[in-house]
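Given the structure is predicted, the values throughout are model-derived calculations rather than measurements. Residues: numbered from 1 along the sequence shown.
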Amino acid sequence: MSLQEGIMSAMKVAMKEKNTTALTALRAVKSAILLAQTESGAKEELTEEQELKILQKQVKQRKDSATVYLEQGRKDLAEPELAEAEIISQFLPEAMSEEDIAKVVVETIQKTGAEGMKDMGKVMGIVSQALAGKADGKTISNIVKAKLS
């Protein structure tokens, strides 16, 4: 089952259960996917990697919003954002642990012969591509910085 089919079936369940939080989150994801399809100007399906990037972006937006709301003392606004992020995260593959990410980073540094922060871009590009959909870019960046410095 494709991601879009999974989202549609989850939307149907959310409608039957009258779960407005889930419905809002799923509609936003569906909208983002349709928007990405029309931007490319093609009638074809998005690749799995593109779909994962859209989902990650949706989760990140909600977590960032929740962080801002919590900083401003608006827990009432942060809770729905975090709930939506959790619902969208169900469609993402299992995230890798920091230890596993560190292993991939160390292997990449050894393969590329990277030395110091000047090679961070090269290492980040390779690792980000290898771990697309499995790890957060910010986490990867922090680990690469730690290993190269």
Side-chain angles (χ1 to χ4, degrees), residues 1-8 10-11 14 19-40 42 44-149:
M1 174 171 21
S2 75
L3 177 68
Q4 285 184 306
E5 292 169 352
I7 289 172
M8 287 304 294
M11 279 178 63
N19 184 344
T20 57
T21 305
L23 197 53
T24 302
L26 295 170
R27 282 181 174 153
V29 171
K30 181 182 173 198
S31 173
I33 290 172
L34 289 174
L35 184 64
Q37 284 177 330
T38 55
E39 280 178 356
S40 65
E44 62 199 47
E45 293 287 316
L46 295 174
T47 65
E48 186 175 343
E49 186 176 307
Q50 290 171 317
E51 290 175 338
L52 289 176
K53 283 184 181 181
I54 290 170
L55 287 176
Q56 287 175 324
K57 183 177 179 183
Q58 294 290 317
V59 170
K60 185 177 183 321
Q61 285 176 343
R62 280 157 181 76
K63 286 183 178 179
D64 289 348
S65 295
T67 302
V68 170
Y69 290 143
L70 288 172
E71 286 172 1
Q72 296 174 350
R74 296 295 309 264
K75 191 175 180 185
D76 59 318
L77 295 175
E79 288 174 357
E81 293 289 337
L82 292 172
E84 287 181 21
E86 188 66 35
I87 291 164
I88 297 169
S89 295
Q90 294 172 359
F91 293 96
L92 287 171
E94 187 80 23
M96 292 179 71
S97 70
E98 288 192 20
E99 295 167 358
D100 293 337
I101 296 169
K103 287 178 188 174
V104 174
V105 169
V106 169
E107 289 173 12
T108 305
I109 290 172
Q110 290 172 349
K111 284 181 190 173
T112 60
E115 297 175 0
M117 294 303 289
K118 65 180 171 37
D119 295 325
M120 183 173 172
K122 181 176 18 172
V123 174
M124 277 297 297
I126 295 169
V127 174
S128 295
Q129 201 169 35
L131 302 180
K134 299 175 189 168
D136 173 47
K138 192 173 190 178
T139 306
I140 294 171
S141 175
N142 290 337
I143 292 172
V144 170
K145 282 179 188 174
K147 298 293 181 185
L148 288 177
S149 57

The test is side-chain contact (heavy atoms from CB on, under 4.5 Å); show your working for Gln4 and Leu34 and say whether it passes. CA-CA 10 Å; Gln4 285 184 306; Leu34 289 174; 4.3 Å; yes
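Taking the side chain as every heavy atom from C-beta outward, Val59 and Phe91 never approach each other to under 4.5 Å. Looking only at side-chain heavy atoms (C-beta outward), Lys145 and Met117 come within less than 4.5 Å of each other. Side chains of Arg27 and Leu23 form a contact here, defined as non-hydrogen atoms less than 4.5 Å apart. No side-chain heavy atom of Leu3 sits under 4.5 Å from any side-chain heavy atom of Ile54.
Atom-to-atom distance recorded for Lys60:NZ and Lys53:NZ is 14.5 Å, nearest 0.5 angstrom. The line from CD1 of Ile87 to CD1 of Ile7 is 12.0 Å long, rounded to the nearest 0.5 Å. Residue Glu51 holds its CD atom at 8.0 Å from CD of Gln37, rounded to the nearest 0.5 Å. With rounding to the nearest 0.5 angstrom, the CG atom of Leu55 is 11.5 Å from the CD atom of Gln90.
Here the shortest heavy-atom pairing between Leu35 and Thr38 reads O-OG1, 2.9 Å. In plain terms, the two heavy atoms of Ser141 and Met124 that are nearest each other are CA-SD, 3.6 Å. The two residues Thr112 and Lys122 have their closest heavy-atom pair at O-NZ, 4.0 Å.
Taking the side-chain hydrogen bond (donor to acceptor under 3.5 Å, both in side chains) definition, one finds that Gln50 meets it with Thr47, sequence neighbours left out. A search for side-chain contact (heavy atoms from CB on, under 4.5 Å) contacts involving Glu98 returns Thr139, Ile143, not counting sequence neighbours.
With Ser65 contributing its side chain and Gln61 its backbone, the two residues share a donor-acceptor pair below 3.5 Å.
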Just distance, no hydrogens or angles: give the donor-acceptor pairs under 3.5 Å from side chains in residues 77-85, sequence neighbours left out.
| unit_1 | atom_1 | unit_2 | atom_2 | d |
| --- | --- | --- | --- | --- |
| Glu84 | OE1 | Arg62 | NE | 2.8 |

